[in-house]
Amino acid sequence: GASLNVKYQINDSMDFVSITGVRESTYISTEDLDASPNQYLDVISNNDFESFTQEFQLQYASDKLTGVVGFFYSDTELDNTFSVDAFREFKILGGSAPTTTNRLSQTESFALFTQWYWNITDALTLTAGLRYGESEKDQFLTETTFTDIPAVAAAFGRDRCFIAAPGVNPEDQPACLTAVVPARVGSNSGNAEFDRLSPKIGLTYQATDDVMVYGSITEGYRDGGLSGDVNAFARFEEEVLTSYEVGFKSELADGNVRLNASVFYYDYEDLQLELTDILASGAIVMNVLNAGNAELTGAEVELTWAATDNFTLAVNLGLLDTEYETVAVRAGVNTGFLKDGNEFPAAPSSQLSIIPQYAFEAFGGELNWRTEINYTDESFEDFENGAFAGSDAPTLNGVAAATGNFGVLPITSNTLVDTEIKESSTVVNTSLSYMKDNYEVSLWVRNLFDEDIVDQRRWVAGVVLNQIRYGNPRTFGINAKYRF
């Protein structure tokens with residue numbers, strides 16, 4: 001990528017700024033969704049991304065008034081191709097049905113924005129802003145399904161015909177893959193346009209030289225779009241967030257104590273949720289929908305205490321309370337097992353960090369010892385607040401009966417099969433650094449007490465798969481830096 005920033009001073013109070021950016025990237029991944037030694041459900045994905053952005057700003061500054069008026073333009077394209085050959089080991093006679101899906105997403109958008117700071121008095125400042133945005137989105141989807149027959153592959157001297165590798169498109173597949181059964185191709189396309197006006201207003205008051213209080217009301221949004229499969233696309237609207245926040249920032253005890261705190265309330269309308277299912281065929285179905293309204297209430301406290309010239313203690317506390325208030329009920333819209341009163345995913349009710357740090361002179365330089373003690377409360381993995389049997393209920397009943405586990409019968413679609421809760425955890429990281437002149441050497445240990453930390457816990461619907469991923473065990477290393 002590349003960027004170009006140009007600033008031109010028009011006069012003593014006004015500047016013109018131009019910011020241009022160009023970026024291209026390629027991301028290739030292979031994900032083992034079945035988490036077994038076999039290749040039951042491996043997804044190979046290739047992503048090519050291109051973007052061009054241009055921003056113009058007219059900046060103004062005076063004793064009483066500071067502000068900006070601007071224009072932003074963006075043109076992006078994401079070309080995603082993923083392939084999956086699901087459960088081929090169980091489809092010996094008739095052959096497996098590997099699928100390659102290409103999704104091309106193009107977005108063109110622009111925005112006009114302005115934000116101003118008015119010093120009403122030496123202590124009181126009013127902030128006001130406005131942003132208007134428009135976007136146009138195009139989606140092109142092509143799905144190619146093959147029939148990979150082992151006998152045909154053997155006749156061509158291969159163990160399989162389908163090549164599951166990044167960068168291999170349908171036209172790159174070997175001839176044996178379509179020698180007997182032609183490929184089945186489905187496609188779909190769609191277009192959607194969106195526009196939105198978003199305001200902001202806030203007040204800042206410098207109560208004393210050491211204490212500042214503030215409050216703000218801001219409206220923002222996440223753009224809408226299109227989702228679906230080769231059969232149909234559905235439009236989902238913008239997710240609108242109105243946030244309210246009040247807080248203060250302070251330096252106390254002759255600058256030795258810094259204490260900041262805030263409380264906030266977020267009100268969501270037309271909250272966007274993504275439902276992803278993996279069918280028994282291996283097809284991955286992703287839909288984004290507007291699920292309704294939700295709210296989030298929270299508070300944050302940050303304390304830094306310079307106890308001595310050498311020792312500093314930092315304490316950070318975060319509290320959250322989240323809830324889906326009103327789940328939309330619309331004809332033909334499946335919101336899964338989302339219910340009123342559910343909590344947000346990945347939103348622990350409390351997080352606490354305690355960071356002691358001690359620095360002292362030694363060996364002609366400075367030694368710095370730092371430890372981080374991080375506590376995170378439990379949280380749900382997704383918005384359904386648990387994994388339910390759903391369409392897997394008949395399969396689960398059959399498995400339970402076959403294994404003699406009659407105590408769990410009957411299993412209905414509403415039966416909870418996994419809590420999908422990430423349990424609370426405490427992780428300790430520590431490091432010792434030596435700095436002198438232009439170089440620095442650090443010894444570090446992460447997850448000092450080798451705790452088993454669950455990073456992800458999910459039930460994969462459609463394939464009766466419970467997946468748990470753990471974080472890194474105790475790791476240690478050494479880093480070296482040289483500044484010149």
Side-chain angles (χ1 to χ4, degrees), residues 66 117 119 121-125 127 202-216 245-264 298-320 348-377 424-451 453 471-484:
T66 302
Y117 304 89
N119 298 324
T121 69
D122 291 341
L124 184 64
T125 300
T127 302
L203 280 173
T204 300
Y205 179 65
Q206 193 73 40
T208 68
D209 291 340
D210 299 320
V211 179
M212 182 268 284
V213 296
Y214 63 92
S216 65
E245 182 175 358
V246 294
F248 70 86
K249 297 182 179 182
S250 65
E251 289 192 359
L252 310 173
D254 296 326
N256 292 319
V257 175
R258 178 176 297 167
L259 178 62
N260 303 331
S262 65
V263 294
F264 47 88
E300 293 180 349
V301 179
E302 301 174 353
L303 171 67
T304 303
W305 174 38
T308 69
D309 292 340
N310 304 101
F311 181 74
T312 302
L313 178 66
V315 179
N316 302 315
L317 173 66
L319 302 173
L320 282 180
S349 59
S350 62
Q351 290 181 290
L352 175 65
S353 295
I354 301 175
I355 307 171
Q357 186 167 315
Y358 187 74
F360 56 95
E361 293 183 359
F363 310 110
E366 181 178 279
L367 278 173
N368 188 309
W369 166 76
R370 174 187 172 94
T371 295
E372 301 174 0
I373 305 169
N374 301 310
Y375 169 79
T376 303
D377 206 349
S424 61
S425 62
T426 301
V427 179
V428 179
N429 306 320
T430 189
S431 65
L432 180 65
S433 302
Y434 175 74
M435 293 166 282
K436 182 179 180 181
D437 299 329
N438 295 330
Y439 62 87
E440 176 182 348
V441 179
S442 299
L443 301 172
W444 53 265
V445 182
R446 301 189 182 110
N447 193 2
L448 179 63
F449 297 107
D450 201 22
E451 298 290 334
I453 307 299
N472 290 329
R474 181 193 297 121
T475 56
F476 55 88
I478 181 170
N479 294 340
K481 297 179 182 178
Y482 182 79
R483 301 176 181 88
F484 56 91

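This one's a predicted model, so the numbers in the text were calculated from it and none came from an experiment.
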Side chains of [X] and [Y]: closer than 4.5 Å at any heavy-atom pair?
| X | Y | answer |
| --- | --- | --- |
| Tyr358 | Leu367 | no |
| Asp210 | Ser250 | no |
| Leu313 | Ile354 | yes |
| Leu352 | Val315 | yes |
| Asn429 | Asn374 | yes |

Enclosure of [X] [atom1] (heavy-atom neighbours >12, cutoff 6.0 Å):
| X | atom1 | result |
| --- | --- | --- |
| Asn438 | CG | yes |
| Phe264 | CZ | yes |
| Trp305 | CH2 | no |

Please test Trp444 against Ser433 for side-chain contact (heavy atoms from CB on, under 4.5 Å), starting from the C-alpha separation and ending with a verdict.
CA-CA 8 Å; Trp444 53 265; Ser433 302; over 6 Å; no
What I want to check is whether the side chains of Thr430 and Trp369 have a donor and an acceptor closer together than 3.5 Å.
yes
Nearest heavy-atom pair of [X] and [Y]: which atoms, and what distance?
| X | Y | result |
| --- | --- | --- |
| Arg474 | Phe449 | NH2-C, 4.1 Å |
| Thr312 | Ala306 | OG1-CA, 4.3 Å |
| Val445 | Phe476 | CG2-CB, 3.9 Å |
| Ala359 | Asn368 | CB-ND2, 4.0 Å |
| Asn472 | Asn447 | O-ND2, 3.1 Å |
| Phe360 | Asn310 | CA-ND2, 3.9 Å |

Report the distance from atom [atom1] of [X] to atom [atom2] of [Y], rounding to the nearest 0.5 Å.
| X | Y | atom1 | atom2 | answer |
| --- | --- | --- | --- | --- |
| Asn256 | Thr304 | CG | OG1 | 11.5 Å |
| Ser424 | Ile453 | OG | CD1 | 9.0 Å |
| Asn119 | Thr66 | CG | OG1 | 6.5 Å |
| Ser262 | Glu300 | OG | CD | 5.0 Å |
| Asn260 | Met212 | CG | CE | 8.0 Å |
| Glu302 | Ser353 | CD | OG | 10.5 Å |

Just do the side-chain contact (heavy atoms from CB on, under 4.5 Å) check on Phe248 and Leu259 with the steps written out, would you?
CA-CA 8 Å; Phe248 70 86; Leu259 178 62; 4.1 Å; yes
Could you pull out all residues at least two apart from Glu251 that satisfy side-chain contact (heavy atoms from CB on, under 4.5 Å)?
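side-chain contact (heavy atoms from CB on, under 4.5 Å) check on Glu251 returns Arg258.
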Looking at residues at least two apart in the chain, or sitting in another chain, which of them share a side-chain contact (heavy atoms from CB on, under 4.5 Å) with Tyr439?
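side-chain contact (heavy atoms from CB on, under 4.5 Å) list for Tyr439, sorted by chain: Tyr434, Lys436, Tyr482.
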Using the test salt bridge (Lys or Arg N to Asp or Glu O under 4.0 Å), find all partners of Glu440 that sit at least two apart in sequence or belong to another chain.
Arg483
Carefully, step by step, assess Leu320 and Ser349 under the rule side-chain contact (heavy atoms from CB on, under 4.5 Å).
CA-CA 5 Å; Leu320 282 180; Ser349 59; 5.6 Å; no
